[in-house]
Amino acid sequence: MGITPNSELQTPNLSVDIAGLRLKNPVMTASGTFGYGEEYSEFMDLNRLGAIIAKGLSATPRQGNPTPRIVETPAGMLNAIGLQNIGVKVFIKEKLPFLRKFDIPVIANFFGDSIDEYVQAAVELSGADGVHALEMNISCPNKHAGWIVFGTDPKIMEQVVTAVRKETKLPLIVKLSPNVTDIGIMARVAENCGADAVSLINTITGMVVDVKRRRPVLANNTGGLSGPAVRPIAVRMVWEVFKAVKIPIIGMGGITTAGDALEFLIAGARAVAVGTANFINPTATIDIIDGIERFLADEGILDINEIIGSLRT
Amino acid sequence: MTRYFKATVLENTALNKHFRLLTIDAGRSTLNAQCIPAPGQFYMLHSNSTYDPLLKRPFSIFKHEDNSLKFLYRIRGKGTICLSNLRDGDIIEVIGPLGNSYPEPEGDFIAIAGGVGIASLLPLLDICKNTGYLFYGARSKDELVMLSEAGALSKEVFVATDDGSEGRKGVITELLKSFLNNLKSEISNFKLPIYACGPKPMLKELSEIAHASGMKCYVSLEEHMACGVGACLGCVVKTVSGYRRVCKEGPVFDIKDIVWE
């Protein structure tokens with residue numbers, strides 16, 4: 001791409017390559033905050049998104065946790081939905097045909113509570129027409145190992161990522177839990193097991209207490225904190241992971257504006273996902289894409305890849 | 001056409017210490033045929049541009065005239081305190097109308113409102129003028145907000161307050177029970193559909209009344225919501241066929257489908 005005399009009039013390149021996928025821009029929807037695309041399709045043209053990461057799926061349907069499932073916190077919210085979902089088979093039959101109508105990568109998020117369940121979900125999703133990549137949620141407890149969360153123990157994590165990697169040729173993204181001592185170590189485990197990318201952060205475990213009843217507000221006692229409150233933690237973790245691995249990073253955690261998204265990109269994320277902000281502003285993703293483009297144009301940056309990992313320390 | 005828009009506050013009137021009536025101008029473009037609210041539907045409202053409170057709050061549509069939408073609300077927590085601080089001309093973010101609506105009654109019906117639940121039922125009384133028997137319960141006289149407006153649209157009005165400052169002392173479901181017993185002795189096989197909105201204990205009691213009398217009963221449920229459009233699965237209610245989203249499959253449910261916990 002040559003530099004023309006009026007380069008300031010050129011539209012900056014927003015497209016990025018991640019895990020073998022070409023995205024028209026780096027903005028995706030975070031799993032669990034965008035359903036299977038249908039709920040938000042009346043508010044925007046889904047074709048404008050970099051990719052859709054669909055709501056997490058398990059091999060068989062899950063009814064989820066009792067209520068209350070959500071509670072608002074300062075600049076954030078806790079959720080304990082309990083991964084309620086329709087299961088891989090119903091997703092493929094009833095939700096994928098809608099998503100296939102769009103010209104954007106569909107990334108299926110999946111999970112299990114045993115290695116076998118992870119593998120089963122991954123295999124079935126890999127055979128489905130219209131699934132372009134897999135994102136593996138490892139923030140689930142392992143029922144065969146004392147309910148230790150897969151993604152908080154390097155050995156258990158290694159077992160499950162290795163098992164899934166063997167069974168799928170699709171790009172594999174491992175979604176890291178922030179509830180660990182050193183997220184760089186966990187990112188390296190994912191890389192060594194053959195993951196094509198990592199995404200982070202999943203929600204941070206939290207609790208809210210109803211002081212009159214002296215009970216947790218959530219029926220599940222604890223829940224995952226998301227929203228603007230977690231953003232600085234997420235940016236810090238993206239930066240740590242950027243220094244620890246070579247595979248690309250999808251950054252997320254409280255992104256609400258284009259400026260927030262740019263923080264993640266500069267800290268080393270090659271793409272970003274917008275989560276809780278979708279609830280507040282159904283067109284948040286589009287506003288962020290437009291805002292990133294404006295920022296690049298204003299700064300005279302022709303290609304978004306120039307700012308990825310450009311943090312000066 | 002979009003159900004996500006910015007609106008201008010026209011009025012935010014204090015009705016008394018607890019209740020406000022918010023009127024917003026939604027603009028002509030956002031209130032075309034597909035976006036006319038039906039009784040029972042709701043809107044997500046966000047009154048400030050900071051992150052605290054972070055989420056929009058759901059409010060039943062109270063009235064709709066030309067381009068304006070009215071919401072009756074009780075000041076209860078952070079969200080409604082912020083809402084109460086809105087002044088004429090302020091801009092507010094809105095998603096709606098959302099959810100399903102009350103099935104239109106074919107003849108006479110019973111409406112039972114607990115407190116601010118009247119907000120959801122008034123549009124129903126309005127489109128079915130003078131065919132509804134209104135049962136309206138509240139903590140005290142000054143919390144029977146919009147009683148005369150609702151009464152003017154109803155065939156007959158029955159009132160109960162917890163402290164006895166207006167109407168019968170006690171809960172409104174007791175009044176409904178004696179009303180039904182009296183009618184049963186006069187007319188055999190007496191059945192009217194019931195439409196209800198109010199606190200959980202009232203709805204729970206009502207489910208027993210509906211079950212015992214074999215009367216159809218529709219309830220509008222209230223839950224904390226994050227998205228309001230069916231994506232987050234935060235507002236679910238337990239039903240005989242599993243968890244259902246209050247924002248999408250509701251807020252109006254057939255009471256026999258609800259599993260009370």
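What you see below is based on every heavy atom in this structure, not just the backbone, and it leaves out hydrogens, waters and symmetry mates. Bear in mind that the values here come from a model prediction, so they are computed numbers and not experimental data. Chain A is the first sequence line, chain B the second, and so forth, proteins listed ahead of strands; every chain is numbered from 1.
The local environment of CD in B/E222 is sparse, with at most 12 non-hydrogen atoms from other residues, nucleotides or ligands closer than 6.0 Å. Counting non-hydrogen atoms of other residues, nucleotides and ligands closer than 6.0 Å to CZ of B/R139 gives a total of 12 or fewer. Counting heavy-atom neighbours within 6.0 Å of B/K78 NZ, excluding the residue itself, gives a total above 12. Other residues, nucleotides and ligands contribute more than 12 heavy atoms inside 6.0 Å of the NZ atom of A/K143.
Here the shortest heavy-atom pairing between B/A231 and A/G35 reads CB-N, 3.9 Å. Scanning both residues, B/A226 and A/M77, for their nearest heavy atoms gives CB-CE, 3.8 Å. Between A/G64 and B/Y243, the shortest heavy-atom contact is O-CE1, 3.9 Å. Smallest separation of non-hydrogen atoms from B/C232 and A/I81: O-CD1, 3.3 Å. The shortest non-hydrogen separation linking A/P282 to B/I95 is CG-CD1, 3.6 Å.
The structure places CG of B/L55 at 6.0 Å from CD1 of A/I280, a figure rounded to the nearest 0.5 Å. For the atom pair B/H224 NE2 and A/R69 CZ, the distance stands at 14.5 Å (nearest 0.5 Å). A distance of 11.5 Å separates CG of B/L233 from CG of A/N65, quoted to the nearest 0.5 Å. Here CE of A/M44 is found 10.0 Å from OH of B/Y4. Values are rounded to the nearest 0.5 Å. Remark: A/R231 CZ to B/Y51 OH distance equals 7.0 Å, nearest 0.5 Å. For the atom pair OG1 (A/T67) and CD (B/E223), the distance works out to 5.5 Å, reported to the nearest 0.5 Å.
Top candidate by heavy-atom pairs under 4.5 Å with chain B, chosen from A/G227, A/G76, A/A229, A/A277, is A/G76. The candidate with the highest count of non-hydrogen atom pairs below 4.5 Å against chain B, out of A/P228, A/P68, A/P74, is A/P228.
With hydrogens and angles disregarded, a donor-acceptor distance shorter than 3.5 Å links the side chain of A/E72 to the backbone of B/L54.
Proximity to chain B involves both the backbone and the side chain of A/P66, based on heavy atoms less than 4.5 angstrom apart. Residue contact with chain B, scored on non-hydrogen atoms closer than 4.5 Å, involves the side chain of A/Y40 exclusively. For a residue to count as touching a neighbouring chain, one of its non-hydrogen atoms must lie under 4.5 Å from one of that chain's; by this rule B/M225 touches chain A with the backbone only.
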**Request:** Go through the steps to decide whether B/V236 and A/Q84 satisfy the test side chain to side chain contact (heavy atoms under 4.5 Å, CB included), and finish with yes or no.
**Result:** CA-CA 10 Å; B/V236 297; A/Q84 177 182 341; 3.9 Å; yes

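Between A/N281 and B/H46, the closest side-chain pair of non-hydrogen atoms is not below 4.5 Å.
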